[in-house]
Structures are given as C-alpha cells and as structure tokens.
2 protein chains.
Amino acid sequence: MATGRNHRPATSRSRGIPEATVARLPLYLRALTALSERSVPTVSSEELASAAGVNSAKLRKDFSYLGSYGTRGVGYDVEYLVYQISRELGLTQDWPVVIVGIGNLGAALANYGGFASRGFRVAALIDADPGLAGKPVAGIPVQHTDELEKIISDNGVSIGVIATPAGAAQQVCDRLVAAGITSILNFAPTVLSVPEGVDVRKVDLSIELQILAFHEQRKAGEELGAPPGRRPGEGPEADTAPPAAPPAVAVTKRPPESGTDGDLPAVMPA
Amino acid sequence: MATGRNHRPATSRSRGIPEATVARLPLYLRALTALSERSVPTVSSEELASAAGVNSAKLRKDFSYLGSYGTRGVGYDVEYLVYQISRELGLTQDWPVVIVGIGNLGAALANYGGFASRGFRVAALIDADPGLAGKPVAGIPVQHTDELEKIISDNGVSIGVIATPAGAAQQVCDRLVAAGITSILNFAPTVLSVPEGVDVRKVDLSIELQILAFHEQRKAGEELGAPPGRRPGEGPEADTAPPAAPPAVAVTKRPPESGTDGDLPAVMPA
DNA sequence: ATGCCTTTGTGAACGCGTGCACAAAGATTG
DNA sequence: CAATCTTTGTGCACGCGTTCACAAAGGCAT
C-alpha cells in the first residue's frame, strides 16, 4: 500500500481504537460488502480474515475494539457488521470532496466510481489552468482556483485531494486549510506542512516502486550468494573512500530537467 | 500514504535494514536530490529530517543502518549520500516495468514522468481490450494481454503494476507471477494471493479516504463534546439490539450496481 | 597544540502492534 | 437437560519501531 504514514503520533487513539485497526477496517468492510452482495448471512473470523488477507486473531482483536458484535460458535452477522464498521468509519454520512489539480491523475480520480459507493461525493474539480475552466471531466465542470475558497465554504467540504504538481502542492494546501479543510489526501511528491488538527495522508507511487526495487535487488543478490549491499563492518572500504570523493557518477544519470522533477506536468507522485 | 503494508513478516530485515527504514529511504533521497540540485554540499541531520518530514533522531538511526556516512560536527555530504541511498535501494540499475490495465489510471501512470528519473522504465503497456492494441499511450503502443508472457521474458521484467478492474486483478497477477514477475504494485481493490517470494504492495485510494473520514468524524464529534462512536462499556444498548435485527438501513444506500463495485470501469482502487 | 563547539552515532527505555493459546459462551445434538 | 463442539474474546508475551539522551568524534578558533 501506498504509503503515507505521517499521522498524528499522539492523540492517535481517540476513543481507544488503535490506528492500525482503523487502517484495516476499510479492508474488512470491503470483504463484508462482497459477502453481503452474495447474501451470505454470517461469517467466521477465520473466513473473513482470509478474505481480507489478515490473521484471524488480529481480526478478532480489531473487532473487539468496536464491541462484541459476534456470536460464539457462529460468527459475525454480515449485515450488522457492515453497518457497525460503516458507522465507526463515519461512512453513514455524506462526505463532499474537492479534487485540486485536474491533470491526468486528477481526471482519473474524478472518473473513479468508488467514490459514491462509500459515502464520498466529488463536490468540485479545481484547476489553475483557465483553459480547463468550464470543461466537464467525468460530468463535472472544472472550476478555476480562484473559486476554491467559495466552493469549500459553500459546500461545507472538509476533505481535499491534492493532485497538483509538487511545486503547487504546499500553496494549494495552505489555501485549502485556510478555507476550512481539515483532512488532505496528497498525491503530490512533497512533504506538506500543516497546522495542528489537520490530517494528511500521502499516496506516492515512486516511493512504492523504490521499496519494491530494494527487495527485488535483495532477492537477486541473495540468489547469487553475494549480498548486494556492502556489509556493515568490514574494515576500510577499498574502492570508494567514505567521506571524501563523493561519486557523482551513476544515480541513473539524471538529465538536467527543469528544477525538481516534481514540477513536471505532474501526473503522479515522484 | 497509501497503504499496502502486507509485506513479508519474517525474513524482512535481510541484511539488517529494518522495513520501516527502507520505506523512508525514498523520502530522504527525494529531499537530498532537491538539495543536490541547489548545489548544497552538506546537510545536518536536523535540516534533512525537517525537509523529509521526520524526526532527526530517527533519520540518524536510519542512516546508521547503512553505515557511517556522516561527519561529526559537519553533517552529511549530499552527493555521497544520494549515491549511497540510491545504491542501497537498487536505483543505480534500470528496472523495466510493465503496466497492465490501461484505463484512466493506467494511462495516468504511463504518462508519469517520475519513472525514468528514478531508474524505472516503462517496458510495456498491456491491456485486454483488443481495440486499444497498437494505440500509443504516452508514446508507447499498447499491447494485448496475449503478449504478456512474451513481453516479460523478452525484456527481463521483474516488476509489474496492476491497474485493472478488481475482477481481473488476481488472474492478471497469476499470469504475471507465472511469467517471472516477483514484485507487484497493485492498484486494484483486491487482496492478491501470491506465492512465497513475491512482494506485493498495494495502493488504495478508497481506504485512504475512509481513514480520513474516520478522523474527520472524530474531530467533528469531539468538538461538540459528544463522542461519535458508542462508548465501549456503557450498559445495554438502548436503541439497537446487538446481534438480532441487523439494521439494513443507511450504509449510503448502495444502488444495486453490477456486482462488486470493483468491477466497474475501474480507474482506481475502491 | 589545546580547548571549545557542533553534530553524529548509538545504548537503553518505552510503547505499540502482533500472534499465541485458552477460557468463556453460545449453538447443537442426543 | 447434559454433553459436546464450534467460535469468539482476550490475557500475555514477544518483537519491532520510536524517542531520549549522551558520549565520542571531528572541525575550528585561538
């Protein structure tokens, strides 16, 4: 999963539900919804855990934070659990969402059908390009950034999605926060700084790929018997001297693009 | 970030680098690259940590797993550190990547400029729609699913990106794995089951939004003094009886769409 | 060369998350 | 009604990750 784990370190477990559990509730909800559509009345923790890709003990402990919603010897009532989790996640109400930055990614997000089915509603699409203003994307006309504050206050929006280039992200973020947004999903490859009380989650494709590459390299290295990375304490390095002579080579020979590559047409995180 | 934390539980720290540290290395790398482009020669752990949005002690400990690359009283050599982290992440080599499922999201990913600048190269775009075959997306002609196995073996691809509808994801995954792929980045809203040795990371927009909604609801509830969720032990629930009478109401009144909403035109995770 | 100042690298403590293993609870059967 | 079987709910222990706090190390000025 993509990433984004810079959350609220303290104050995290508000009414007792651990952050890790909250992160898994949507997973359970999805599995339960599928069961519900197949009209399955009850599930055991074992079955549901398997469907959600987790350990059954973990699932039971997770549910125990919500209350005792199961029946021993039987399992959990699917419909009831769907309702309880939905309520706990706040999905029984409608959440208007604004998407800022209607590039390739923003358009993809706007077209995403999963929004409405989970209580989220795209209230507006916003972009800084005047040429885009008025043009419909996914049936919704794009509005200019100038309208940002008005849109948010008029619709009572509290969740914003940033899909702009990295260079614009912080500025957009500041305006969103000033306008009253308190939760942000950030697709731009930047570390956003926000005031206390504002939640930020990050989705970053490039980071995910780099993590995969690390493990991939390790797999390839072990396979050949030779560990890929240099071993921690192994005497003085022979080839490259540590502090001096920083090897300016390699690193995939980055061509001198225009500034940070996050400033690119920005389609996805860098 | 997006999510995806179902990793390799054991065997995780191969040569001693903790998983949590690996996940942060790309963050440091990005900050360092920005500094490098501004020709900054050295940084202190404090400065770099601030730029990466982490705690300085954590950063120093992270770097300590890589070796002693800093100079006490001075800081870290930017260029050298960029090189070391790149090497550790396996970014000094080229990673061919295939993207399967060229819908809205797949196209957005294909257009993403951040690939090449980090050692990743889009080797091929693959889609099951024969109508798309041959048509160029981001300058690369889309190929039909039939070619999948050949493409992967011919190009020695080991990393695959799944951007298909949920219904097709597992099948595509199986074919990718059978063809030799050992790392998968999954955008489809499904739990993929893979054999031992294959890494899967998941990016799921809907989950991120639901987590935000949870905190948002909590914020709104606390603000008014009344906790949103039911308090754990507070005597017998008055309104709704726990096991019996599963409230089939609410849950955002899902309209009977075609099957699981993951089967939709699928643009993003559900 | 000596002393001071800055910053790294890390030992140790703490807290969260995970998984085991089992007792309690309810269903079910005879 | 009693015995048995299934499955939940959770106490407990363990390990990872985070953070503090400080000693060691290097630069720099005198």
Side-chain angles (χ1 to χ4, degrees), chain A residues 3 5-14 16-25 27-28 41-50 52-78 80-81 84 211 232-233 241-244, chain B residues 3 5-25 27-28 41-50 52-78 80-81 84 232-233 241-244:
Chain A
T3 358
R5 295 295 128 170
N6 60 336
H7 225 43
R8 38 176 63 199
T11 333
S12 179
R13 53 175 55 192
S14 60
I17 301 182
E19 191 60 29
T21 295
V22 172
R24 279 188 295 267
L25 290 182
L27 232 53
Y28 303 143
T42 60
V43 268
S44 69
S45 63
E46 199 67 53
E47 293 169 313
L48 185 54
S50 161
V54 302
N55 174 311
S56 71
K58 196 186 298 186
L59 177 142
R60 286 198 300 275
K61 179 147 293 192
D62 283 343
F63 285 175
S64 78
Y65 292 115
L66 308 183
S68 290
Y69 294 151
T71 306
R72 296 175 191 232
V74 175
Y76 298 91
D77 183 293
V78 172
Y80 189 50
L81 205 46
Q84 289 299 344
I211 295 172
Chain B
T3 331
R5 296 295 131 171
N6 61 334
H7 225 43
R8 39 176 61 199
T11 333
S12 180
R13 51 175 56 193
S14 60
R15 193 68 236 148
I17 302 183
E19 191 60 29
T21 295
V22 172
R24 280 188 294 268
L25 289 182
L27 232 53
Y28 303 143
T42 60
V43 268
S44 68
S45 63
E46 199 68 52
E47 293 169 312
L48 185 55
S50 161
V54 302
N55 172 311
S56 71
K58 195 186 298 187
L59 178 141
R60 286 199 301 275
K61 177 143 292 194
D62 283 342
F63 285 174
S64 78
Y65 292 115
L66 308 182
S68 292
Y69 294 151
T71 307
R72 296 175 191 232
V74 175
Y76 299 91
D77 183 295
V78 172
Y80 189 51
L81 205 45
Q84 290 297 346

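Numbered from 1 within each chain, the chains take letters A, B, ... in sequence-line order. Note that the coordinates shown come from a computational prediction; the quantities given were computed from them, not determined experimentally. Hydrogens, waters and symmetry mates play no part in the numbers below; they use all other heavy atoms, side chains included.
For Y76(A), counting side-chain heavy atoms from C-beta on, the closest listed nucleotide (dT18(D), dG9(D), dT18(C)) is dG9(D). Out of dT10(C), dT10(D), dG17(C), the shortest distance to the side chain of P18(A) is found at dG17(C). Out of dT18(C), dC20(D), dG9(C), the shortest distance to the side chain of K58(A) is found at dT18(C). Distances were taken from every side-chain heavy atom of S45(B) (C-beta onward) to each of dT8(C), dT18(C), dG11(C); the shortest belongs to dT8(C). In this structure, of dT7(D), dC20(C), dA27(C), it is dA27(C) that holds the atom nearest to the side chain of V74(A). Closest to the T71(A) side chain, of the nucleotides dA21(D), dA27(C), dG19(C), is dA27(C).
Protein atom CG of D62(B) is 13 Å distant from nucleotide atom C1' of dT10(C), rounded to whole Å. Following rounding to the nearest Å, R60(B) (CZ) and dT18(D) (P) show an atom-to-atom distance of 15 Å. In this structure, E46(A) atom CD and dC20(C) atom P are separated by 11 Å, rounded to whole Å. Here dG9(D) presents its P atom at 9 Å from CZ of F63(A), a figure rounded to the nearest Å. Going from atom CG of L59(B) over to atom P of dT10(C) covers 14 Å, rounded to whole Å. Rounded to whole Å, atom P of dT18(C) lies 12 Å from atom CD of E19(A). Following rounding to the nearest Å, Y65(B) (OH) and dT10(C) (P) show an atom-to-atom distance of 10 Å. Between D77(A) atom CG and dT8(D) atom P there is a gap of 13 Å when expressed in whole angstrom units.
Put simply, the side chain of R72(A) and the base of dT8(D) share a donor and an acceptor less than 3.5 Å apart. Under 3.5 Å, the side chain of K61(B) and the base of dT19(D) form at least one donor-acceptor pair of N or O atoms.
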The test is side chain to side chain contact (heavy atoms under 4.5 Å, CB included); show your working for I211(A) and E19(B) and say whether it passes.
CA-CA 9 Å; I211(A) 295 172; E19(B) 191 60 29; 4.1 Å; yes

Go through the steps to decide whether L81(A) and F63(A) satisfy the test side chain to side chain contact (heavy atoms under 4.5 Å, CB included), and finish with yes or no.
CA-CA 9 Å; L81(A) 205 46; F63(A) 285 175; 3.3 Å; yes

From CA spacing to verdict: side chain to side chain contact (heavy atoms under 4.5 Å, CB included), R60(B), Y76(B):
CA-CA 10 Å; R60(B) 286 199 301 275; Y76(B) 299 91; 3.8 Å; yes

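Position along DNA chain C of the nearest nucleotide to G73(B) versus G73(A) favours G73(B) as the more 5'-ward residue.
In summary, of the residues considered (I17(A), T21(A), V22(A)), a side chain to side chain contact (heavy atoms under 4.5 Å, CB included) with D62(A) occurs for T21(A) alone.
The side chain of N55(A) contributes an N or O atom lying less than 4.0 Å from OP1 or OP2 of dC20(C).
Aromatic pair Y80(A)/Y69(A): centroids less than 6.0 angstrom apart.
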